[in-house]
2 protein chains.
Amino acid sequence: MSNRSKTIVDIAEELKLSVSTVSRALNDHPNISVKTKDRVKKMARKLGYRPNALAAGLRSNKSRTIGLVVPKISMFFPATISTIIQNKLHEVGYNLIICQSNDSYEQEVALVNALYSARVEGLAVSTTLYTTDFSHFDIFKQQNIPLVFFDRVPKDYNVKVIRGNDYMGGFEATEHLIDKGCKDIVFIGGPLTCSLYTERLSGYKAALQKHKIAFKKSRVFFHELTRENALQTCEKVFGQEPHPDGVFATNDTTAITILQYCREAGIKVPEQVKIVGYSNDPRTEIITPSITSVDQYPSTMAERIVAALMELIQAKHPAAYRHSQEIIPIQLVERDSSSSEQKKTRSTKK
Amino acid sequence: MSNRSKTIVDIAEELKLSVSTVSRALNDHPNISVKTKDRVKKMARKLGYRPNALAAGLRSNKSRTIGLVVPKISMFFPATISTIIQNKLHEVGYNLIICQSNDSYEQEVALVNALYSARVEGLAVSTTLYTTDFSHFDIFKQQNIPLVFFDRVPKDYNVKVIRGNDYMGGFEATEHLIDKGCKDIVFIGGPLTCSLYTERLSGYKAALQKHKIAFKKSRVFFHELTRENALQTCEKVFGQEPHPDGVFATNDTTAITILQYCREAGIKVPEQVKIVGYSNDPRTEIITPSITSVDQYPSTMAERIVAALMELIQAKHPAAYRHSQEIIPIQLVERDSSSSEQKKTRSTKK
DNA sequence: GTAAACTTTGCAAACGTTTGCATAAAAATT
DNA sequence: AATTTTTATGCAAACGTTTGCAAAGTTTAC
């Protein structure tokens with residue numbers, strides 16, 4: 001019993017055709033007659049033929065595969081982006097290899113190398129918090145393989161970038177708090193090695209300045225935006241008077257943690273302190289009081305990423321496209337955590 | 001300027017060695033002297049050599065890649081599973097291709113074929129809600145490629161299965177409601193084509209029976225467990241008297257929706273109706289009142305999946321392992337939505 | 001000093017495709 | 001009827017590795 005899996009050679013022999021004809025027939029090459037195509041396809045089905053993508057990729061240098069590297073696929077924003085990218089790519093016949101760096105630089109390097117080794121035709125990346133050396137991507141630039149950075153993007157690396165308007169996000173979030181009456185606003189950001197947080201910080205500063213509020217170094221904090229770190233910062237911030245009257249947390253996990261801390265500590269939100277988060281994680285809508293957050297339109301971003309990759313893959317003179325920046329607008333979603341109205345019966349969103 | 005990327009042939013020429021020696025040197029084959037290995041590796045670095053996984057995979061029939069198919073990577077449970085699988089596989093030098101079927105049977109078939117075409121060395125699958133024909137997996141069985149189903153698993157397809165104890169989950173959730181005083185418990189499940197829901201339903205029925213509560217057909221509902229469908233069911237259930245005093249929702253999105261509906265409609269949870277969800281989605285802990293849910297230990301499951309794949313890959317006589325079932329225990333996590341105590345000051349979990 | 005054993009390297013085929021070029025056959029043009 | 005054009009097919013090399021086998025070189029054993 002021949003357990004060996006069938007190849008186009010088997011089809012060719014069975015039909016007394018050459019392998020080249022079979023190959024072309026299966027790929028719907030225009031030079032092959034309809035009759036032959038039918039015969040070949042029928043025989044392929046009969047023999048249970050399965051194409052070997054490795055062989056095809058090796059020979060043609062086209063793997064029909066895209067690589068995606070994100071910090072963590074279980075976080076809301078990257079998860080949403082990944083979902084949509086995958087679906088869009090599937091529509092155009094590309095496979096996606098999703099990888100997560102776990103915010104480890106070493107893992108990112110390893111993954112990028114592995115993806116190159118797999119000869120992906122394009123790469124989309126949101127870097128770790130600590131990636132400042134981008135030389136592991138050089139090979140992609142050298143070989144002219146489409147390379148798109150999104151969300152967390154390099155600061156000084158000439159490449160295609162698609163990112164949210166983090167400056168505006170920071171600005172609007174802060175100004176919103178000011179509009180609602182805050183005068184003493186804490187900023188909690190991730191490490192400044194990461195593009196996102198420098199931008200959001202700039203926006204924060206600009207809003208303060210516009211409204212003639214002094215920037216105080218003691219009111220800004222930087223650390224990985226985990227629950228544990230957020231709690232520590234809460235201890236510092238609320239451990240001594242005067243309490244701030246507003247907190248701008250640059251991710252939603254942090255915003256949620258602060259809200260819970262305040263609830264526990266008997267600090268009323270939004271009456272005593274108002275909170276704004278970032279990313280519009282579904283949890284912000286569910287918690288009580290619901291949390292104002294900055295929506296980054298992940299689906300728009302994902303669509304743009306796929307579009308950019310496809311453009312670059314099809315481009316004849318690719319170099320031209322490579323160094324542009326696309327900025328996706330953001331939108332502040334106002335909820336109860338920053339409300340200035342009298343508290344009224346809470347209403348769930350329809 | 002030679003832009004062509006370097007191969008082991010280039011290294012061999014440079015060093016006046018044969019390609020076979022170079023290949024073996026790079027793979028740390030024991031027959032190669034340490035001295036040669038060093039020379040080869042140094043030269044590889046110098047030339048900027050990058051291995052071609054397609055070529056290696058083609059020749060050796062070992063792609064060092066695993067495929068994963070889940071319904072949707074942005075949902076809590078599959079996202080968590082994917083994250084851990086990816087990390088575990090990375091540790092042992094395997095790549096992972098994550099795919100989502102979007103609960104479409106056609107897409108599942110297409111993805112499975114693509115993964116076979118990519119010659120993955122193993123496949124882990126959680127099926128769509130509607131997969132009842134599993135013939136697209138036959139090729140993996142025929143070719144003896146490790147195949148592991150998890151969570152949503154086939155009912156009549158002889159294969160390795162790792163799943164949560166959904167029967168017990170259904171039983172404990174229901175019994176818990178009964179213990180808390182419920183006598184009229186609504187069950188909301190997904191389509192019965194999916195293994196999960198038949199099991200959970202059996203558990204529900206068993207708990208009713210044990211406590212001598214009659215099973216009423218009018219109190220069970222089946223539909224895709226989306227927010228929209230949950231709202232419709234709410235209309236039916238709460239649109240007429242008598243209201244049930246308990247609801248067992250077999251996923252957390254549904255549980256959350258019901259809670260919000262009740263809040264809106266002025267039905268007090270848990271006083272008038274108690275709610276239990278399924279999966280222990282982080283949102284259940286955050287919402288007020290927090291929702292009792294069944295934890296499925298996704299990390300344990302993910303670890304078992306990877307372990308099973310690795311065992312199967314290394315197995316000499318693979319057939320033996322193939323048809324076993326592993327059942328991961330579940331745990332009911334009690335929260336406020338099913339509490340029978342007097343309402344007291346709400347306390348956030350530490 | 002010769003045989004046996006071991007270590008290290010090389011030869012060449014193989015993996016399953018794709019593709020440039022040549023060619024045969026058929027159709028269209030003169 | 002001869003020539004050109006078009007259509008359909010085949011030949012053979014190539015993609016970059018891995019690997020069974022042979023062989024050369026070195027060490028060990030008697």
Side-chain angles (χ1 to χ4, degrees), chain A residues 2-41 43-44 47-65 114 116-121 139 143, chain B residues 2-41 43-44 47-65 114 116-121 139 143:
Chain A
S2 142
N3 200 25
R4 224 186 85 268
S5 69
K6 302 294 181 181
T7 72
I8 56 171
V9 179
D10 297 313
I11 302 178
E13 280 171 2
E14 204 74 31
L15 255 39
K16 309 278 176 229
L17 284 171
S18 72
V19 284
S20 42
T21 302
V22 173
S23 169
R24 285 191 256 254
L26 290 171
N27 290 316
D28 272 325
H29 191 285
N31 279 8
I32 303 295
S33 69
V34 182
K35 201 175 129 197
T36 316
K37 283 183 187 171
D38 285 348
R39 287 180 63 216
V40 169
K41 288 176 185 170
M43 182 55 73
L47 295 181
Y49 165 75
R50 298 309 200 93
N52 185 321
L54 297 176
L58 171 60
R59 172 57 231 245
S60 66
N61 225 347
K62 291 196 181 66
S63 63
R64 299 239 98 193
T65 298
Y116 181 80
S117 185
R119 296 298 188 270
V120 292
E121 284 185 51
I139 183 81
Q143 300 288 326
Chain B
S2 142
N3 200 26
R4 222 187 88 269
S5 68
K6 302 295 180 180
T7 72
I8 56 172
V9 179
D10 297 313
I11 301 179
E13 281 172 1
E14 204 75 31
L15 256 39
K16 307 280 176 227
L17 284 171
S18 72
V19 284
S20 42
T21 303
V22 173
S23 169
R24 284 190 257 252
L26 289 171
N27 290 314
D28 272 324
H29 191 285
N31 279 8
I32 304 295
S33 68
V34 182
K35 202 175 127 195
T36 314
K37 283 183 186 170
D38 285 349
R39 288 180 63 215
V40 169
K41 287 176 185 171
M43 182 56 72
L47 295 181
Y49 165 75
R50 299 311 200 89
N52 185 322
L54 297 176
L58 171 60
R59 174 55 230 245
S60 67
N61 225 347
K62 292 196 182 66
S63 61
R64 299 240 98 192
T65 298
Y116 181 79
S117 185
R119 295 302 188 267
V120 293
E121 285 185 51
I139 184 81
Q143 301 287 326

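Sequence lines set the chain letters: A, B, ... in the order given, protein chains first and strands last, and positions in each chain run from 1.
Note: CD (A:E13) to P (D:dC11) measures 12 Å, nearest angstrom. If you take CG of A:L58 and P of D:dA13, they are 17 Å apart, rounded to a whole angstrom. Taking atom CZ of B:R50 as the reference point, atom C1' of D:dC15 lies 19 Å away to the nearest angstrom. Put simply, CZ on B:R119 is 9 Å from C1' on C:dG16, counting in whole angstrom units. In this structure, the CG atom of B:N61 is 13 Å from the C1' atom of D:dT17, given to the nearest Å. Regarding A:H29, its NE2 atom lies at a distance of 12 Å from the P atom of D:dT9, rounded to whole Å. Taking atom CD1 of residue A:I11 and atom P of nucleotide C:dG16, one finds them 13 Å apart after rounding to whole Å. Straight-line distance from the CG atom of B:L17 to the P atom of C:dT9: 7 Å, rounded to whole Å.
Proximity note for A:S18 (side chain, C-beta onward) versus D:dA8, D:dT17, D:dC11: the nearest is D:dC11. Listed candidates were C:dT8, D:dT18, D:dC11. Nearest to the side chain of A:R24 is D:dC11. For A:I8, counting side-chain heavy atoms from C-beta on, the closest listed nucleotide (D:dT17, C:dT17, D:dT9) is C:dT17. Considering only the side chain of A:S23, C:dT18 comes nearest among C:dA14, C:dT8, C:dT18. In this structure, the nucleotide among D:dT18, C:dT8, C:dG16 sitting nearest to the side chain of B:N31 is C:dT8. Considering only side-chain atoms of A:N52, the nucleotide from D:dT17, D:dG10, C:dG16 that sits closest is C:dG16. Of the candidate nucleotides C:dT9, C:dC15, C:dT18, C:dT18 has the atom nearest to the side chain of A:S60. Candidate nucleotides D:dG16, C:dT18, D:dT9 were compared by shortest atom distance to the side chain of A:I32, and D:dT9 ranks first.
Under the 3.5 Å distance criterion, the side-chain polar atoms of A:S117 are matched with a main-chain donor or acceptor of B:P51. Judged by distance alone, the side chain of B:D38 and the main-chain N or O of B:K35 form no donor-acceptor pair under 3.5 Å. Of the possible donor and acceptor atoms, none in the side chain of A:S23 sits under 3.5 Å from a partner among the backbone N and O of A:V19.
Contact check, A:T36 against D:dT9: a side-chain N or O comes under 4.0 Å of OP1 or OP2. Residue B:S33 places at least one side-chain N or O closer than 4.0 Å to OP1 or OP2 of C:dT9.
Side-chain N/O atoms of A:R59 and base N/O atoms of C:dT18 include a donor-acceptor pair closer than 3.5 Å.
Each of B:N27 and A:K37 was assigned the nucleotide of DNA chain D with the nearest heavy atom; the assignment lying further toward the 5' end belongs to A:K37.
Across all strands, A:S20 comes closer than 4.0 Å to base atoms (heavy-atom distances). At a threshold of 4.0 angstrom between heavy atoms, the contacts of B:T7 are confined to the sugar-phosphate backbone, with no base atom among them.
A 4.5 Å side-chain heavy-atom check between B:L15 and B:V22 finds every atom pair outside the cut-off.
Between B:Q143 and A:S5 the shortest heavy-atom distance is NE2-CB, 3.8 Å. When all heavy atoms of A:S33 and A:T36 are compared, the pair lying nearest together is OG-OG1, 2.6 Å.
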